[in-house]
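All values below were derived from every heavy atom in this structure, side-chain atoms included, with hydrogens, water molecules and symmetry-related copies excluded. Order of appearance sets the numbers: ligands from 1, and atoms from 1 within every ligand. In this chain, numbering begins with 1 at the start of the sequence shown.
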Amino acid sequence: MNDGGLPGVPSEERIVLHVDMDCFYASCERRRDPSLRHEPVVVGMGYEAGEAHGAVATASYEAREHGVESAQAISQALNHLPRAVDADDPDGAVGHYRPVDMAYYESVSEEVKTVLHEVADTVREVSIDEAYVDVSDRLGWDGAPVFARNLKARIHEEVGVPASIGVAPNMSTAKIASDHDKPDGLVVVTPDEIRPFLAPLDVKRLHGVGPVTARELRSMGIETAGALAQTDRHRLVDRFGARGGDIHDYARGHDDREVEPVGEPKSLSNESAFTEPTENPDRIRDRLLTLIKQVTTRTTQHNVLYKTIGIKVVTPPFDVHTRSHSLSGPVDDPALVERIVLDLIEEFEERPVRKLGVRVSNLSFVDADQASLDDWEQSPTESNDTDGTPVQPDGGTATENERSRQTSVFKFV
Ligand code: TTP
């Protein structure tokens with residue numbers, strides 16, 4: 001990168017969100033056990049019977065106030081926490097420990113990512129609890145704060161876990177912004193604000209500056225991003241090589257990395273919640289038809305074919321049921337999606353429904369025309385669908401015994 005203009009979209013015209021879930025594993029534990037809300041919670045490994053060693057994966061912000069940190073030895077961490085027996089005040093805080101349950105956190109993460117993919121086409125999933133979203137194609141800076149606020153609210157209402165969001169004209173500044181006011185933060189840094197926002201920050205907050213580089217920069221008398229921005233670029237390149245140029249750019253609010261989706265999405269889905277649970281078949285059908293329209297509009301726009309069609313049904317209190325049906329070959333056929341979805345929902349007749357989802361998975365990203373059904377029937381594919389259920393070669397029609405079924409019930413309140 002050089003000092004002049006950037007290739008492609010000028011960075012000041014890009015709007016990048018960095019979404020970072022707050023104390024993610026602890027928030028997941030709170031989702032399924034609301035008695036943990038506002039309590040010090042430590043999630044880790046190695047505190048089970050017979051185990052003496054282990055480390056903290058994360059701690060709620062209440063536990064952090066007692067001195068608990070990620071990667072701390074579990075026994076040391078738990079010693080920081082108040083215990084019921086120690087508490088003078090019976091209503092006072094009591095520390096809680098929960099063992100890591102990755103399968104559950106991954107399922108929550110999947111729900112968060114579903115929301116992100118619904119609001120934007122360009123999503124880069126970085127880790128289980130972190131993603132970049134580029135919304136330059138759909139928003140101006142005027143609309144960015146409201147968009148980010150709505151996204152935060154939506155994740156909270158639909159998934160039940162808190163997120164912090166940073167909005168900026170590039171990835172490195174958006175990441176700093178999401179961390180700036182955690183937890184439950186929302187920080188918007190417009191192109192005009194980027195230099196004053198970065199200037200007072202410690203150099204260690206910048207992308208590409210680890211503890212060793214931060215120490216070296218300090219030894220050069222450079223403590224803040226503002227000081228780094230004003231340092232002669234050649235001095236930095238002499239000392240740190242090409243990375244010296246990069247951190248100089250980041251400190252000056254320049255970062256032309258694109259938000260590139262990692263790999264291709266495994267599924268496309270849309271979900272929608274009712275204000276109150278409903279058993280009304282017409283409302284349920286109408287909502288499903290809307291979701292089918294949304295999903296299939298996206299598949300058609302992006303030339304995506306799918307082999308598996310599924311629904312998600314959330315019944316009170318918060319039981320999540322998924323059903324899916326796999327075809328023998330990929331299609332993009334909205335009428336078929338409708339037939340299969342309406343068939344799958346029949347099982348839930350007369351049951352109250354609080355949320356619905358429609359998902360297509362087992363995706364192929366090809367520009368080639370869809371193969372004919374005859375071809376598939378001659379050479380049925382034996383593979384696994386995304387639910388891990390064997391694919392049934394059925395030529396595209398759903399029947400009771402050919403349908404692949406999977407139920408996963410997660411309880412959370
Ligand atoms: P982080 O995003 O680093 O942090 P966090 O979600 O716990 O809290 P916050 O962003 O609000 O400061 O980590 C994401 C998850 O990764 C975290 O919830 C647990 C897990 N993790 C570990 O298992 N071990 C670790 O040492 C760290 C830092 C995180």
Q: Salt bridge check: are Asp202 and Arg205 linked by an N-O gap of less than 4.0 Å?
A: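 No, this pair does not count.
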Q: Any idea which protein heavy atom is nearest atom 10 (O) of ligand 1, and the distance to it?
A: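 For this ligand atom, the closest protein heavy atom is Lys182 NZ, 3.1 Å.
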Q: When you measure from the centre of the six-membered ring of Tyr104, is the NZ or CZ of Arg32 closer than 6.0 Å and no more than 45° off the axis?
A: yes
Q: Which residue in the set Leu139, Val135, Val123 passes side chain to side chain contact (heavy atoms under 4.5 Å, CB included) when paired with Leu17?
A: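 That would be Val135; it is the only one of Leu139, Val135, Val123 passing the side chain to side chain contact (heavy atoms under 4.5 Å, CB included) with Leu17.
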Q: Closer than 4.0 Å to some heavy atom of Asp129 - which atoms of ligand 1 meet that?
A: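 Numbered from 1, ligand 1 contributes 2 (O), 6 (O), 14 (C).
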Q: Just say parallel, tilted or perpendicular for the rings of Tyr132 and His18, cut-offs at 30° and 60°.
A: tilted
Q: Should the proximity of Glu130 to ligand 1, defined as any heavy atom under 4.0 Å, be assigned to the side chain, the backbone, both, or neither?
A: neither
Q: Are the side chains of Met171 and Glu258 in contact, using a 4.5 Å heavy-atom criterion?
A: no
Q: For atom 8 (O) of ligand 1, what is the closest protein heavy atom, and at what distance to 0.1 Å?
A: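 For atom 8 (O) of ligand 1, the nearest protein heavy atom is Arg64 NH2, 2.9 Å.
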Q: Check Lys113, Arg298, Gln294 against Glu118 for a side chain to side chain contact (heavy atoms under 4.5 Å, CB included) and give me the one that passes.
A: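 The single option meeting the side chain to side chain contact (heavy atoms under 4.5 Å, CB included) with Glu118 is Arg298.
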Q: To the nearest 0.1 Å, how far is atom 21 (N) of ligand 1 from its closest protein heavy atom, and which atom is that?
A: Ala57 O, 3.4 Å
Q: Is there a polar contact, in the sense of an N or O pair closer than 3.5 Å, between Phe24 and ligand 1?
A: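 Looking only at distances, the answer is yes, because the N/O contact criterion of under 3.5 Å is met.
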Q: If you take the nearest heavy atom of each of Tyr25, Tyr105, Tyr61, which one is closest to atom 15 (C) of ligand 1?
A: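 Closest candidate by heavy-atom distance is Tyr25.
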Q: Hey, is ligand 1 close enough to Ser70 that some N/O pair sits below 3.5 Å?
A: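 Among all N and O atoms of Ser70, none is under 3.5 Å from an N or O of ligand 1.
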Q: For atom 2 (O) of ligand 1, is the nearest protein heavy atom under 4.0 Å away?
A: yes
Q: Would Cys23 count as being in polar contact with ligand 1, using the rule that some N or O on each side must be under 3.5 angstrom apart?
A: yes
Q: Please report the shortest heavy-atom distance between Tyr250 and Leu198, naming the atom on each side.
A: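 In terms of heavy atoms, the two residues are closest at O-CD1, 3.4 Å.
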Q: Please report which non-hydrogen protein atom sits nearest to atom 17 (C) of ligand 1, along with the residue it belongs to and the distance in Å to one decimal place.
A: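 Of the protein heavy atoms, Thr58 CB, 3.8 Å lies nearest.
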Q: Against heavy atoms of Met21, which atoms of ligand 1 measure under 4.0 Å?
A: 6 (O), 10 (O), 11 (O)
Q: Does the cation-pi check pass for Arg64 over Tyr61, that is, NZ or CZ under 6.0 Å from the six-membered ring centre and within 45° of its axis?
A: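 Judged by the rule, Arg64 and Tyr61 form a cation-pi pair.
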